[in-house]
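Note on naming: letters A, B, ... go to the chains in the order of the sequence lines (proteins, then strands), and numbering restarts at 1 for each one. Below, each value reflects all heavy atoms present in this structure, side chains not excepted, and no hydrogens, waters or symmetry copies.
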Amino acid sequence: MKNREIAEIFETIADLLEIKGETIYRVVAYRRAGEVLRSLGRDVNNVWEEGSLESIPGVGKAIAAKIDELLRTDHLEFYEKLTAEVPPGLADVLKVGGVGPKTAARFWRELGITAIDELEQAAKKGKLRQLSGIGERSEARILENIIALKRQHTGRVLLGEAWTTAQELLSRLREIEGVQRAEAAGSLRRMRETVGDLDLLVGAEDIPLVIQAFIAFPEVDRVLGQGGTKASVELIDGFRVQLWAHQPERFGSALQYATGSQGHNVRLREAAQKAGLSLSEHGYQDQEGGKIFCPDEEEVYTVLGLPWIPPTLREDRGEIKAAKEGELPQLVELEDLKGELHTHSVWSDGKSSIVEMAEAAIELGMEYLVISDHSRSLGIAGGLSIEDLRAQRAEIKRVQKKIGKNLTLIQGSEVEILANGELDYPDEILQELDIVIASLHTSLRQPREQVTERLLRSIKNPHVDIIAHLTGRLIGKRDPADLDIEAILRAAAKHDVVLEINSNPERLDLKDTHARQALESGCRLAINTDAHHPDHLAFRRFGVGTAQRAWAEAPSIVNTWPLERLQAWLKSRV
DNA sequence: GCCGTTTTCGGCCCGACTGTTTTCAGTCG
């Protein structure tokens with residue numbers, strides 16, 4: 001059983017217990033255990049084999065025993081008993097907007113509803129409004145939300161897509177009269193790989209004016225809710241946006257609040273409580289009712305004696321403790337990147353010439369650029385034959401002459417790891433390349449041992465410098481290969497092979513938790529864009545965000561190194 | 001059910017909005 005499957009069971013348990021009316025803290029414990037497993041990074045099977053399940057935060061005796069039972073027997077007696085008592089379809093009913101555990105329990109007990117379809121039928125027949133406390137409007141809203149739930153595409157949107165939408169909305173919000181500041185908050189600001197809805201924050205004197213202007217934006221399809229300080233809307237494309245407007249003097253506390261994560265905020269408020277303060281989006285309040293406003297976010301943290309914690313760390317993964325102890329990482333920043341180690345040109349499936357890619361890199365202030373087109377077997381992507389490779393080498397030299405010393409071009413290749421585990425060029429050809437990037441594109445669905453072995457073999461090849469997009473996943477479209485990540489990280493650390501964080505928003509591979517695990521295993525990373533067009537070089541910001549979420553510092557990222565150091569490292573290898 | 005240099009028992013974040021009520025519970029983030 002995989003982390004995700006166990007997490008789903010625990011999350012369903014939480015939902016069902018809540019409907020049953022269990023104490024909320026027990027419910028929260030299961031929910032938290034689910035979340036932790038989902039984002040653990042490590043395979044829970046390995047933790048289990050080590051016998052250290054209880055070292056996982058949020059996992060105590062009771063939940064550890066349940067994980068153990070699941071991994072041993074594939075069953076959980078507690079879960080089976082619970083679902084016999086509370087129909088599991090009610091967990092889906094909770095997904096309907098406006099229906100929480102109390103309401104779901106009443107639908108079940110008073111109307112016999114056990115699944116979404118039954119709820120829809122009951123709503124259509126006007127049965128819901130027969131319950132006390134539920135009127136026609138609630139019934140209509142529930143029906144509307146069921147329909148919205150059914151046509152929902154994937155639920156979450158890719159980070160890159162959400163980023164673009166957010167930038168457009170923010171620039172228009174900033175044009176509204178009296179708006180002093182406008183920023184994206186929420187999971188977008190934390191750079192999560194997908195974003196559920198956009199949280200935008202505005203600092204302005206005239207708040208009603210901002211709210212009115214916002215809901216009148218042409219791309220707003222319907223207003224889901226609206227009050228004195230916030231508005232929630234659905235855009236024409238189905239994406240949901242929340243706008244929070246606050247007085248400028250409260251902007252910092254509001255931004256902190258809206259950025260989350262929820263877990264981080266809970267921890268921070270606990271810390272505030274211990275200091276005799278109460279923290280909300282409006283700032284701090286002491287026991288006598290004295291207020292402390294925070295116009296800037298830094299102040300939210302300094303009041304508690306903490307340094308500002310970067311949003312990418314705010315996931316309740318130990319960042320508050322680290323901040324207290326003065327042990328926050330010096331996170332890698334976009335400006336630290338000196339070059340790019342993985343790009344394509346028209347020589348394979350890129351859309352631009354080597355000159356165009358080089359000029360774009362110069363524009364971004366890079367010191368070096370690796371052109372790494374696909375290897376020969378990847379026919380669909382115009383992979384280069386050995387002759388092509390040599391011709392390209394001459395072309396790169398020619399371009400280098402033309403562009404001068406502003407940028408150093410390096411010839412690499414993204415070499416296919418074939419289905420049988422061999423690399424796509426013989427060793428003597430790999431040796432001629434300045435840098436060799438190995439990656440999987442085919443036969444990703446091989447059994448775990450087989451696909452893992454392909455990677456291990458590539459890592460052990462002395463010519464291979466970087467493994468690109470390790471798992472081959474496409475977020476929401478293609479599952480990652482089934483890999484023994486820990487074995488691969490150990491091998492990469494041992495052979496000094498760099499693992500790529502692929503910055504393309506569809507990939508973000510390594511993902512944050514794997515990247516953190518890689519760093520803890522002693523691996524070095526590269527933040528690459530895999531650009532097929534000059535515009536794609538801008539993906540770097542997402543790769544940097546992912547690296548930050550992994551607590552990465554610049555020295556661990558090889559393309560923060562100056563050219564000389566990079567070349568020395570490459571030279572030290574074969 | 002978890003967790004601990006204020007606790008191994010007794011705590012466990014905070015406010016806005018909605019709908020249906022006449023003062024509040026439920027939901028959501």
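- Look at A:Q273 and you won't find any side-chain N or O under 4.0 angstrom from OP1 or OP2 of B:dG11.
- A:E281 comes within 4.0 angstrom of the backbone, heavy atoms only, and of no base.
- The distance between atom CD of A:E270 and atom C1' of B:dG10, rounded to the nearest whole Å, is 14 Å.
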For residues 210-221 of chain A, dump all side-chain donor-acceptor pairs below 3.5 Å to protein atoms at least two apart in sequence or in another chain.
unit_1: A:E219; atom_1: OE1; unit_2: A:R172; atom_2: NH2; d: 2.8
unit_1: A:E219; atom_1: OE2; unit_2: A:R172; atom_2: NH1; d: 3.4

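- Between A:R269 and B:dC13, a side-chain N or O to OP1/OP2 separation shorter than 4.0 Å is absent.
- Residue A:Y25 and nucleotide B:dC2 are not classified as a stacked aromatic pair, given the requirement of ring centres less than 5.5 Å apart at an interplanar angle below 30°.
- Side-chain contact between A:R189 and A:T312 is absent, with no heavy-atom pair separated by less than 4.5 Å.
- Side-chain contact between A:R541 and A:W163 is present, with at least one heavy-atom pair separated by less than 4.5 Å.
- Contacts of A:G260 with the nucleic acid, taken as non-hydrogen atoms under 4.0 Å apart, are absent.
- Remark: B:dT8 base-pairs with no nucleotide; criterion is Watson-Crick or G-U wobble with both hydrogen-bond distances under 3.5 Å.
- When the P atom is compared between B:dG29 and B:dT23, the two are found 29 Å apart, to the nearest whole Å.
- Residue A:T103 has a polar side-chain atom (N or O) positioned under 4.0 Å from OP1 or OP2 of B:dT27.
- For B:dC14, the OP1/OP2 oxygens have a side-chain nitrogen or oxygen of A:S278 closer than 4.0 Å.
- Of the two residues contacting DNA chain B, namely A:T229 and A:T23, the nearest-nucleotide position lying further toward the 5' end is that of A:T23.
- Following rounding to the nearest Å, A:H282 (NE2) and B:dC14 (C1') show an atom-to-atom distance of 9 Å.
- Nearest-nucleotide positions on DNA chain B for A:G135 and A:V99 put A:G135 closer to the 5' end.
- Of all nucleotides listed (B:dG29, B:dC2, B:dG19), B:dC2 comes nearest to the side chain of A:I63.
- No side-chain heavy atom of A:W244 sits under 4.5 Å from any side-chain heavy atom of A:L200.
- Between A:E168 and A:T164, some side-chain heavy-atom pair lies under the 4.5 Å cut-off.
- Residue A:Y30 places at least one side-chain N or O under 4.0 Å from the OP1 or OP2 atom of B:dG1.
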